[in-house]
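Only one structure is covered here, and it is reproduced in the block below.
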Amino acid sequence: MSDRRLANAIRALAMDAVEKAKSGHPGMPMGMADIALALWRGHYRHDPGNPHWPDRDRFVLSNGHGSMLQYALLHLTGYDLPIGEIERFRQLGSKTPGHPEVGVTPGVETTTGPLGQGLANAVGMALAERLLGATFNRPGHAIVDHRTWVFVGDGCLMEGISHEASSLAGTWGLDKLCAIYDDNGISIDGEVRNWFTDDTPARFRAYGWHVIPHVDGNDPDAVDVAIREAKATRGKPTLICCKTVIGYGAPDKEGTAEAHGAPLGAAEIAKARDVLDWHEPPFTIPADVYAGWDARAAGAKRSADWNRRFDAYRAAHPDLAAEFLRRVEGRLPDDFEAIARALVDAQAAKGETIATRKASQQAIEAFAARLPEMIGGSADLTGSVFTNWSGTKPIRADAPGNYIEFGVREFAMAAIDSGIALHGGFIPYGGTFLTFSDYSRNALRMAALMKLRNIFVFTHDSIGLGEDGPTHQSVEHTAALRLIPQLDVWRPCDTVETAVTWTAALARRDGPTAMMLSRQNIAFAARDAAAIAAVARGGYVLRDFAGTAGARRALVIATGSEVPLALGARDLLAGEGIDVRVVSMPSTSVFDRQDAAYRREVLPPGVPRTAVEAGVTAGWRKYVGAEDDPRAAVVGLDRFGESAPAGVLFKHFDFTAEHVAAAIRGTLAA
């Protein structure tokens, strides 16, 4: 079976699937087919029958628009991706969505599409492999020893995140990371030489990468030689620069933008079949081609060999083996609930008035000492976001650790942490100012789409940060992050709520968590055991109606640093015959998942409602009532802030107990 015929099977499937869907990107799969052949048949360690065995290589298609390349490879090598799914490319409910999605298609390691993020995910995976191996490998027992391969295109390298992530990969010397660059010179708008003239090899050498330039990407033997060189390289990640022809084999469209993002058309496909000497009907793969690609037996042997090696490791190091399995399976320690309960109880007993960023650090201290899978970091703001703890060990190229100094690279931090989470064995968390969540927003969105256990620590959450002014005062960011599906957003008001926030974030296995934390101190709110237990439900009654006979009733909802204002307003109104329930709602998303009976119990219908938060107001109408409802009010900030001390700003913008009380009176006057 010739290499050319095996590669042409990829090309045929890509042409046919895109044509049937009338949508997709045939050019990249056709151009990279020979590169994929060299990697997947000669070097990529995987098992189609067991896609999740721990020591498999990781493969990332960062240029995910060419998803049919990966789908063709998975189908041909024997994954549970039958030809019927290839025929249903980009159709509702298929296992072959427009861009690869982890959890949808067996063998897909990460969801890609937004260019450059797959490369950053791969950096995270390679870092996780190194750190996990440093923790668990022992002489004679290398149970963690695999590589990370990532395909990238011009678009990936144009995106700024490629700089952030690749710079870090070079600094860390991730020599089991290999990026293969599809240098086809074409993107949607045409020839990239008109807007992308970077000296890419020089750029990556400057990052500290080993670079293999000028490889003929349509010659699998040349690619194989380059991959062997990459595998022999020590101390540096490798970039293999492969010159390819987009749409290879389509005689009238290859090498042009017409092959990039649209079906080739029946006439061009017919011509391509002649050029490629591929005369099978659409979606038909001959038996000898399937046999040439089939990786099931070799994959089963690889994973079985690893299982035998792990059995020997378990016999020699039973405790380490049990801990390894716990971590790669994502199970928390058996005493996690006891650790969390002790932390919450201790915070309730101390009753400290501190900033929630400091309360977060106290929670990290309590958990990280008992959960070695926690790996923290910061985008050059450790001294401000407090993501470190007494056991912090910064990661270096020549030394493992548990803390990542990302530098000023918020986007890469979020995407690399997602790669760490995808790899398994770790629970990553990274910190920056909330206003800089904008830099990383798409990576947050991707973490939510993938339902990753990734924790985003955002501090300086409002005008309360003070003198840095409106460039840093994140008045709209909390509301904006609440709009991302599957992202749990928490804005705790004190040490107890912060402890519960961390407990929920660590325990959650079906999505990421973002926590909004204050720079300024927030007064502790005393609460009984029932209220403490209810914090985990996202919204709860912090102070209930006093039950004063004949009093008018009102309800106020608050989060974070505004909870003390709500409590103060309640006290002011008590002497006026107004009975106020204070609801703390640290997480609207978690509260929304509670049953209707609980939500009605906390927010009883018919009671005038006011919401208080130092940010934009629109999202709170869902809980208090429409803007034209006189029995509903929101005390918020629908404008940017100012430069001044926090206390001055809160008074200037009417974030006072007196103003909240006035708003509540207004809802009752209606």
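- For the 3.5 Å distance criterion, the side chains of D488 and S587 fail to qualify, holding no donor opposite an acceptor.
- Taking D34 as the reference, R4, R11 meet the salt bridge (Lys or Arg N to Asp or Glu O under 4.0 Å) condition, with sequence neighbours excluded.
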Practice problem: Could you check R409 against S167 for side chain to side chain donor-acceptor pair (under 3.5 Å), going step by step and ending with a plain yes or no? | Solution: CA-CA 10 Å; R409 300 182 181 95; S167 174; 3.0 Å; yes

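- A distance below 6.0 Å separates the ring centres of Y207 and H163.
- In this structure E323 satisfies the salt bridge (Lys or Arg N to Asp or Glu O under 4.0 Å) test together with R326, sequence neighbours excluded.
- Nearest heavy atoms, M515 versus S360: SD-OG, 4.3 Å.
- Checking N121 against T110 by side-chain atom types alone, a donor-acceptor pair falls below 3.5 Å.
- Applying the 6.0 Å contact sphere to CZ of R445 captures no more than 12 heavy atoms from other residues, nucleotides or ligands.
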Practice problem: Under the salt bridge (Lys or Arg N to Asp or Glu O under 4.0 Å) rule, what do K243 and D183 come out as? Steps first, then yes or no, please. | Solution: CA-CA 5 Å; K243 193 65 182 175; D183 182 11; 3.6 Å; yes

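- Shown here is D334, whose CG atom has no more than 12 heavy atoms of other residues, nucleotides or ligands within 6.0 Å.
- A donor-acceptor contact shorter than 3.5 Å links the side chain of R508 to the backbone of P512.
- Atoms OG1 and CZ, on T503 and F336 in that order, are 5.0 Å from each other to the nearest 0.5 Å.
- The backbone N or O of L506 sits less than 3.5 Å from a side-chain atom of R453, completing a donor-acceptor pair.
- Pairs engaging residues 400-430 under the ring pair (Phe, Tyr, Trp, His ring centres under 6.0 Å) rule: H146-H423, Y429-W502 [sequence neighbours left out].
- In this structure, the side chain of W490 does not engage the main chain of T513 through any donor-acceptor pair within 3.5 Å.
- Ring planes of W40 and Y44: tilted class, angle from 30 to 60°.
- For residues 361-372, every residue pair satisfying the salt bridge (charged side-chain N to carboxylate O under 4.0 Å, His left out) rule, not counting sequence neighbours, is listed here: D335-R370.
- Of the possible donor and acceptor atoms, none in the side chain of Y71 sits under 3.5 Å from a partner among the backbone N and O of L81.
- A heavy-atom distance below 4.5 Å is found between the side chains of L6 and R41.
- Contacts of E85 classified as salt bridge (Lys or Arg N to Asp or Glu O under 4.0 Å), with partners at least two apart in sequence or in another chain: R88.
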Exercise. Would you sort out whether D311 and R314 count as a salt bridge (Lys or Arg N to Asp or Glu O under 4.0 Å), showing the intermediate values?
Key: CA-CA 5 Å; D311 286 342; R314 179 159 37 200; 2.9 Å; yes

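- One N or O on the side chain of R234 and one on the backbone of K231 form a donor-acceptor pair closer than 3.5 Å.
- Residues passing the side-chain hydrogen bond (donor to acceptor under 3.5 Å, both in side chains) test with S418, sequence neighbours excluded: N454.
- Counting heavy atoms from C-beta outward, L517 and F458 have side chains that stay 4.5 Å or more apart.
- In terms of the side chain to side chain contact (heavy atoms under 4.5 Å, CB included) criterion, residue partners of D294 (sequence neighbours excluded) are, by chain and number, R296.
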Quiz item: Should E373 and R331 be marked as a salt bridge (Lys or Arg N to Asp or Glu O under 4.0 Å) after you check the CA-CA gap, both sets of side-chain angles, and the distance that decides it?
Solution: CA-CA 10 Å; E373 59 264 45; R331 292 182 285 110; over 6 Å; no

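- With sequence neighbours excluded, the residues forming a side-chain hydrogen bond (donor to acceptor under 3.5 Å, both in side chains) with K301 are D305, listed by chain and number.
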Quiz item: Does the pair D55 and R302 meet the rule for a salt bridge (Lys or Arg N to Asp or Glu O under 4.0 Å), with working shown?
Solution: CA-CA 9 Å; D55 203 34; R302 288 189 192 101; over 6 Å; no

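- Taking CG of L115 as the reference point, atom OG of S162 lies at 10.0 Å (rounded to 0.5 Å).
- Expressed to the nearest 0.5 Å, how far CH2 of W172 lies from CG of L131 amounts to 9.0 Å.
- Annotation: salt bridge (charged side-chain N to carboxylate O under 4.0 Å, His left out) contacts involving residues 207-226, sequence neighbours excluded, comprise D224-R228.
- For T111 (side chain) and M450 (main-chain N/O), no donor-acceptor pair under 3.5 Å exists by modelled atom type.
- Using a distance-only test at 3.5 Å, with no hydrogens or angles considered, a donor-acceptor pair links the side chain of S303 to the main chain of G299.
- Looking at T77, its side chain never comes within 3.5 Å of a backbone N or O of A295 through a donor-acceptor pair.
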Quiz item: Under the side-chain contact (heavy atoms from CB on, under 4.5 Å) criterion, do T432 and S378 qualify, and how do the steps go?
Solution: CA-CA 6 Å; T432 187; S378 162; over 6 Å; no

Practice problem: For N388 and I364, run side-chain contact (heavy atoms from CB on, under 4.5 Å): C-alpha distance rounded to whole Å, both residues' side-chain angles, the deciding distance at 0.1 Å, then the answer. | Solution: CA-CA 8 Å; N388 58 337; I364 293 170; over 6 Å; no

Which donor-acceptor pairs under 3.5 Å do the side chains of residues 102-109 make with protein atoms, sequence neighbours left out?
from	atom 1	to	atom 2	distance (Å)
T105	OG1	K95	O	2.5
E109	OE1	R56	NH2	3.1
E109	OE2	R56	NE	2.7

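- In this structure, the ring of H65 has its center no less than 6.0 angstrom from the ring center of H99.
- Between F310 and W306, the ring planes lie parallel to each other; the angle is under 30°, not in the 30° to 60° tilted range.
- N218 contributes a side-chain N or O that, together with a main-chain N or O of G31, makes up a donor-acceptor pair within less than 3.5 Å.
- Listed for the T387 side chain is no donor-acceptor partner under 3.5 Å among the backbone atoms of G376.
- Using a 4.5 Å heavy-atom threshold, the side chains of S166 and W209 count as touching.
- When the side chain to side chain contact (heavy atoms under 4.5 Å, CB included) test is applied to P29, the partners found at least two apart in sequence or on another chain are A14, M68, L69.
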Practice problem: Report the C-alpha distance between F456 and D417 in whole Å, list the side-chain angles of each, state the deciding distance to 0.1 Å, and finish with yes or no for side-chain contact (heavy atoms from CB on, under 4.5 Å). | Solution: CA-CA 9 Å; F456 305 103; D417 276 353; 5.5 Å; no

Under 3.5 Å, side-chain donor or acceptor atoms of residues 148-156 against the rest of the protein: list the pairs with distances, not counting sequence neighbours.
from	atom 1	to	atom 2	distance (Å)
W149	NE1	D57	OD2	3.0
D154	OD1	Y181	OH	2.4
D154	OD2	G185	N	3.4

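- If you look at H75 and W293, their ring centroids are not closer than 6.0 Å.
- To the nearest 0.5 Å, atoms CG (N184) and CG (N63) are separated by 9.0 Å.
- Rounding to the nearest 0.5 Å places CD of Q361 at 4.0 Å from NZ of K358.
- A distance of 8.5 Å separates CG in D175 from OG1 in T233, rounded to the nearest 0.5 Å.
- Using modelled atom types and a 3.5 Å distance limit, the side chains of Y313 and R309 yield no donor-acceptor pair.
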